[in-house]
Amino acid sequence: MKIVVIQGPNLNMLGHREKNIYGPMKLEDIHTQMKAFAEQNKLEIEFFQSNLEGEIVDRIQECLGDADGIIINPAAYTHTSIAIRDAIAAVQIPTLEVHLSNIYQREEFRHKSLIAPVCAGQIAGMGAFSYHLAMVGMSQIFSEVKMMKEHQAKMQASQAAQ
Ligand code: DQA
């Protein structure tokens, strides 16, 4: 099973950017931790960061037929991007939205996520640990999908035997 991690604008500045809000870790350190979790759990993982909305839309579209799950921190586009929301809705791949900060505790313009309604879930406010929780959450989604497929296969086999 393959997870694609998509990081939005300014997240390449982590470790330098507003450390009091986003913490001291660099993006590559967060990715190293996610990679370790993926290896332990026999998951494939790929990382992508862009400051450009259209590139993020392109990367989501490329997940079609390739990825089983998407973990996305759309960063500032969370609050503005109908295009990213539509791309997630279009590919119909289980998606988890991640934020380092608790967006509901901050400025009012950050309280609304245009992305959350098309995601399986949202994790916010746990700093870099939000990404770890997203990995755990995605593993759980994969287990549930597997169980559902096995159940469907059993039902079909028993119907065919009748
Ligand atoms: C963020 C929250 C957004 O409001 C902000 O624009 C970001 C980072 C977070 O991870 O807390 O760039 O997505």
Side-chain angles (χ1 to χ4, degrees), residues 1-41 43-64 66-142:
M1 302 292 267
K2 178 169 167 183
I3 300 173
V4 173
V5 181
I6 300 176
Q7 307 279 13
N10 299 308
L11 293 171
N12 55 322
M13 299 285 285
L14 288 180
H16 172 80
R17 168 188 188 209
E18 297 175 282
K19 284 190 202 173
N20 56 323
I21 298 173
Y22 299 116
M25 271 179 90
K26 289 186 174 160
L27 193 62
E28 63 184 77
D29 298 331
I30 293 174
H31 288 175
T32 301
Q33 287 187 348
M34 294 174 90
K35 215 172 156 201
F37 181 97
E39 274 164 17
Q40 279 158 20
N41 291 277
L43 299 168
E44 249 187 276
I45 194 157
E46 243 174 60
F47 301 98
F48 177 79
Q49 190 278 329
S50 176
N51 295 325
L52 305 179
E53 187 177 21
E55 284 188 0
I56 294 170
V57 170
D58 283 345
R59 189 64 191 90
I60 293 166
Q61 289 183 9
E62 282 164 20
C63 287
L64 196 59
D66 180 50
D68 303 289
I70 298 171
I71 292 176
I72 185 166
N73 184 345
Y77 289 138
T78 305
H79 319 296
T80 61
S81 180
I82 298 170
I84 291 174
R85 175 193 173 124
D86 286 352
I88 294 169
V91 294
Q92 290 191 301
I93 296 167
T95 299
L96 290 174
E97 179 185 330
V98 172
H99 299 286
L100 295 134
S101 64
N102 181 352
I103 53 174
Y104 303 101
Q105 219 171 47
R106 301 181 63 196
E107 303 94 326
E108 204 166 327
F109 64 84
R110 295 187 205 273
H111 294 183
K112 182 149 182 73
S113 167
L114 296 186
I115 312 301
V118 294
C119 289
Q122 185 198 59
I123 299 146
M126 300 295 289
F129 197 64
S130 290
Y131 287 98
H132 175 75
L133 293 176
M135 291 297 287
V136 175
M138 194 53 80
S139 305
Q140 177 64 22
I141 290 173
F142 287 167

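Worth saying up front: this structure is predicted, and the values here are computed from it rather than measured. Numbering of ligands and ligand atoms starts at 1, following listing order.
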Would Tyr77 count as a contact residue for ligand 1, given that I'm defining contact as a non-hydrogen atom of the residue lying under 4.0 Å from a ligand atom? no
Residue, atom name and distance, where the atom is the protein heavy atom closest to [atom]:
atom: atom 9 (C) of ligand 1; result: Leu100 N, 3.4 Å
atom: atom 4 (O) of ligand 1; result: His79 NE2, 2.7 Å
atom: atom 12 (O) of ligand 1; result: Arg17 NH2, 2.8 Å
atom: atom 1 (C) of ligand 1; result: His99 ND1, 3.6 Å

Check ion pair Arg85-Glu97 (N to O, under 4.0 angstrom): no
Any donor and acceptor pair, going by atom type alone, linking the side chain of [X] with main-chain N or O of [Y] inside 3.5 Å?
X: Ser130; Y: Gly127; answer: yes
X: Asp68; Y: Lys2; answer: yes
X: His79; Y: Ser113; answer: no
X: Asn51; Y: Asn10; answer: yes

Interfacing atoms of ligand 1 (cut-off 4.0 Å, heavy-atom, Asn73): 9 (C), 10 (O), 13 (O)
At under 4.0 Å between heavy atoms, what of Ile103 touches ligand 1? The answer is side chain
I'd like to check the side chain to side chain contact (heavy atoms under 4.5 Å, CB included) partners of Lys35; sequence neighbours left out, ordered by chain and number.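 Residues passing side chain to side chain contact (heavy atoms under 4.5 Å, CB included) with Lys35: Glu39, Ile45, Phe47.
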Judged by heavy atoms only, the candidate from Arg110, Glu97, Met13, Glu18 nearest atom 6 (O) of ligand 1 is Arg110
Using distance alone, determine whether Ser101 and ligand 1 share an N or O pair under 3.5 Å.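 Right, the criterion is met.
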What do you reckon, does Leu11 have a nitrogen or oxygen under 3.5 Å from a nitrogen or oxygen of ligand 1? no
So, taking the atom named CZ in Arg59 and the one named CD in Gln7, what distance separates them when rounded to the nearest 0.5 Å? 12.5 Å
